[in-house]
Amino acid sequence: MDMKTVLSTIDTEKVEYVDFRIVDLLGRQHHVTVPAYAVDEGTFRNGVAFDGSSLIGYKSIEESDMVAMPDPATAFIDPFVEAKTMNIICNIVNPDNTVYTRDPRGIALKAEAYLQQSGLATAAYFGPESEFFLFDNVRYASGPSGSFFHIDSEEAFWNTGKEGQNLGYKVRNKGGYFPVQPTDSQMDIRNEMCTLMTKCGMYVERHHHEVATAGQGEINFRFDTLTRTADNLLLFKYIVRNVAAKHGKTATFMPKPIVGDNGSGMHVHQSLFNGDTPLFHEQGGYANLSETALHYIGGILHHAPALIALTNPSTNSFKRLVPGYEAPVNLVFSKGNRSAAVRIPIAAVTPKASRIEFRTPDSTANPYLAFAAMLMAGLDGIKRKLDPRELGFGPLDKNIYDLSDAEKHEIKSAPGSLAEALVALEQDHDFLLEGDVFTKEVIEGWIAQKRGEIEQVERTVNPKEYELYYDL
């Protein structure tokens, strides 16, 4: 929709409120709500003022005035608010209407503009697979007198012996992939999520139970351009969380909430097009990939240690990135190999569906920043003709877990911690600065924010330390 269509829809649909949404540096959405009668053309020209000092990663208190500029193309009717409410995503500008360089959505838009200016392609398409858990209960605390977390799910294998009403059909550890009902107890909930996503303008492709016990699920929605896909991912998370709450459950996209079972990733499919022409397909090439696609892969894998600081930006991310849980810790590419960082889908793939899948990311990433960074890495690979074969990234079409120790030693691995990834980003970020897509200020602010989180975690006493050291 454009501005006039939005204003007309507000009138014809009898919308009572308009909810303007922005996203902070970490990827959390925030909103301010305005009565519909107060929204007019001036709202779209002048924006909505807000206090930028109250959001993580934005401005300090002495320069806190900021403006949210509505993007009418993102408008949809909120399915969770009793009074009819239209939601609109905003870009952030300074009071003088200049671009605010720390606005994550603005960075995504700049990445798309840089792509078009480069002449390498006209559009980049992204398709994330964001996994999540639906728990029936979550409790956690961290303080001077104690630390703990406790989760529960009616599906969890640890509840097979639970007293009281217990109907069985629990999901075995690592045994949750594609079971039918009643083992999959969340079919109706995921159906409801998909229905609402469709009503809000998303195109849902499929959903299913995922590998882990305790209610792990996945819903796939259709790819779109970079910024629009990031918008859709935030809408996706909003719907998943609110439907879960409606059913007395809680949803989390945390990468590793359960010890000893599979974590939740966000595999990101990517491709480039020039108009209607797919640039990643070449019949007869490896996995029918073009040289352009291979160079894009070269850029992703060459810059992967730095990228991971943006695509896996939590300390918990690296509890998922360990061998043995289908975790893509190996910096190699392969067709069909799910333990590789980059997989090339080959089943039922047409020329226009030729794509690469970066499997390392997870949903703690801010999608605007993560997708923009992946695109910039891939474009750098194309411009520099980085060949992943010459750089030692494969292809590796073997079960990596069956390789000898000597063979495994030759494979490069993802950083082992967020601290390592931040060092890599500190040392390798020039590719992000091209076209002023990212700025040094944004990167330095991100690193400082994340090092502060690491410090909090490292200084907190872990219950496991009592088990290991209390009696020494």
Check: E129/H269 side-chain N/O donor and acceptor closer than 3.5 Å: yes

Gap separating the CE atom of M376 from the CD1 atom of I300, nearest 0.5 angstrom: 11.5 Å

E155 versus Y169, side-chain donor and acceptor atoms under 3.5 Å: no

Polar contact flag, side-chain donor to acceptor under 3.5 angstrom, E112-Q116: no

Side chain to side chain donor-acceptor pair (under 3.5 Å) between Q283 and H281, intermediate numbers included: CA-CA 6 Å; Q283 193 67 32; H281 179 79; 3.3 Å; yes

Verdict with supporting geometry, E426 and R451, salt bridge (charged side-chain N to carboxylate O under 4.0 Å, His left out): CA-CA 12 Å; E426 214 165 31; R451 282 187 171 150; 3.0 Å; yes

Modelled atom types, side-chain donor and acceptor of H409 and E407, under 3.5 Å: no

Pair D380, H303: side-chain N/O donor-acceptor within cut-off below 3.5 Å: yes

Residues I219, C194; criterion side chain to side chain contact (heavy atoms under 4.5 Å, CB included); working and verdict: CA-CA 8 Å; I219 299 172; C194 293; 3.7 Å; yes

Sub-6.0 Å ring centroid separation between H208 and Y177: yes

Neighbour count >12 (heavy atoms, 6.0 Å) for atom CZ, R172: no

Interatomic spacing from CZ in F133 to CD in Q216 - rounded to 0.5 Å: 4.0 Å

Evaluation steps, side chain to side chain donor-acceptor pair (under 3.5 Å), between N166 and N159: CA-CA 8 Å; N166 184 347; N159 281 325; over 6 Å; no

Note: R190-D184 ion pair, threshold 4.0 Å (strictly below): yes

Distance flag, aromatic centroids of Y286 and F333, threshold under 6.0 Å: yes

Flag for E218-N220: side-chain donor and acceptor within less than 3.5 Å: yes

Charged tip of K237 within 45° of F253 ring normal and under 6.0 Å: yes

Heavy-atom donor-acceptor pair, T360 side chain to P328 backbone, under 3.5 Å: yes

Y125 and F223: CA distance, side-chain angles, deciding distance, ring pair (Phe, Tyr, Trp, His ring centres under 6.0 Å) verdict: CA-CA 6 Å; Y125 293 99; F223 65 89; 5.6 Å; yes

Working for side chain to side chain contact (heavy atoms under 4.5 Å, CB included), residues R21 and C90: CA-CA 6 Å; R21 300 201 163 191; C90 302; over 6 Å; no

Residues E357, K335: salt bridge by 4.0 Å N-O rule: no

Heavy-atom closest pair, residues P367 and L233: CB-CD2, 3.7 Å

Any donor-acceptor N/O pair, H267 side chain to F358 backbone, under 3.5 Å: no

Worked check of salt bridge (charged side-chain N to carboxylate O under 4.0 Å, His left out) between K174 and D261: CA-CA 6 Å; K174 287 189 172 188; D261 208 334; over 6 Å; no

Ion pair R389/E291, N-O distance below 4.0 Å: yes

Which atom of P361 lies closest to which atom of M374, heavy atoms considered: CG-CE, 4.1 Å

Ring geometry between F371 and F126 (parallel below 30°, tilted from 30 to 60°, perpendicular above 60°): parallel

Side-chain donor-acceptor contact under 3.5 Å, D362 with S317: yes

Test log, rule salt bridge (charged side-chain N to carboxylate O under 4.0 Å, His left out), inputs E434 and K110: CA-CA 10 Å; E434 294 291 326; K110 284 193 292 182; over 6 Å; no

Pairwise distance OG(S54) to NE2(H30) - rounded to 0.5 angstrom: 9.5 Å

F236 and F221 aromatic centres sub-6.0 Å: yes

Ring center gap for Y140 and F148 short of 6.0 angstrom: no

Exercise: do W158 and N173 side chains pair donor with acceptor under 3.5 Å: no

Side-chain H-bond candidate by donor/acceptor type, N191 with H207, under 3.5 Å: yes

Steps toward salt bridge (charged side-chain N to carboxylate O under 4.0 Å, His left out) verdict (E455, R459): CA-CA 6 Å; E455 184 176 332; R459 290 187 175 185; 3.1 Å; yes

Within 6.0 Å of NZ in K162, more than 12 heavy atoms from elsewhere: no

CG on L235 to CD1 on I89, rounded to 0.5 Å: 7.5 Å

Spatial distance of atom OG (S314) from atom NZ (K256) [nearest 0.5 Å]: 12.5 Å

Pair K440, H429: side-chain N/O donor-acceptor within cut-off below 3.5 Å: yes

Shortest non-hydrogen separation from A414 to I308 and the atoms involved: CB-CD1, 3.7 Å

Gap between atom CG of N316 and atom OG1 of T364 - 0.5 Å precision: 7.5 Å

Contacts of type side-chain contact (heavy atoms from CB on, under 4.5 Å), residue L25, not counting sequence neighbours: L369, W446

N91 versus D71, side-chain donor and acceptor atoms under 3.5 Å: no

Polar contact flag, side-chain donor to acceptor under 3.5 angstrom, E192-H247: yes

Least distance between heavy atoms, C200 atom then I239 atom: SG-CD1, 4.2 Å

Least distance between heavy atoms, L331 atom then S413 atom: CD1-O, 3.4 Å

Closest heavy-atom pair and its distance - M197, V240: CE-CG2, 3.8 Å

Residue among T74, T227, D231 satisfying side-chain hydrogen bond (donor to acceptor under 3.5 Å, both in side chains) with R105: D231

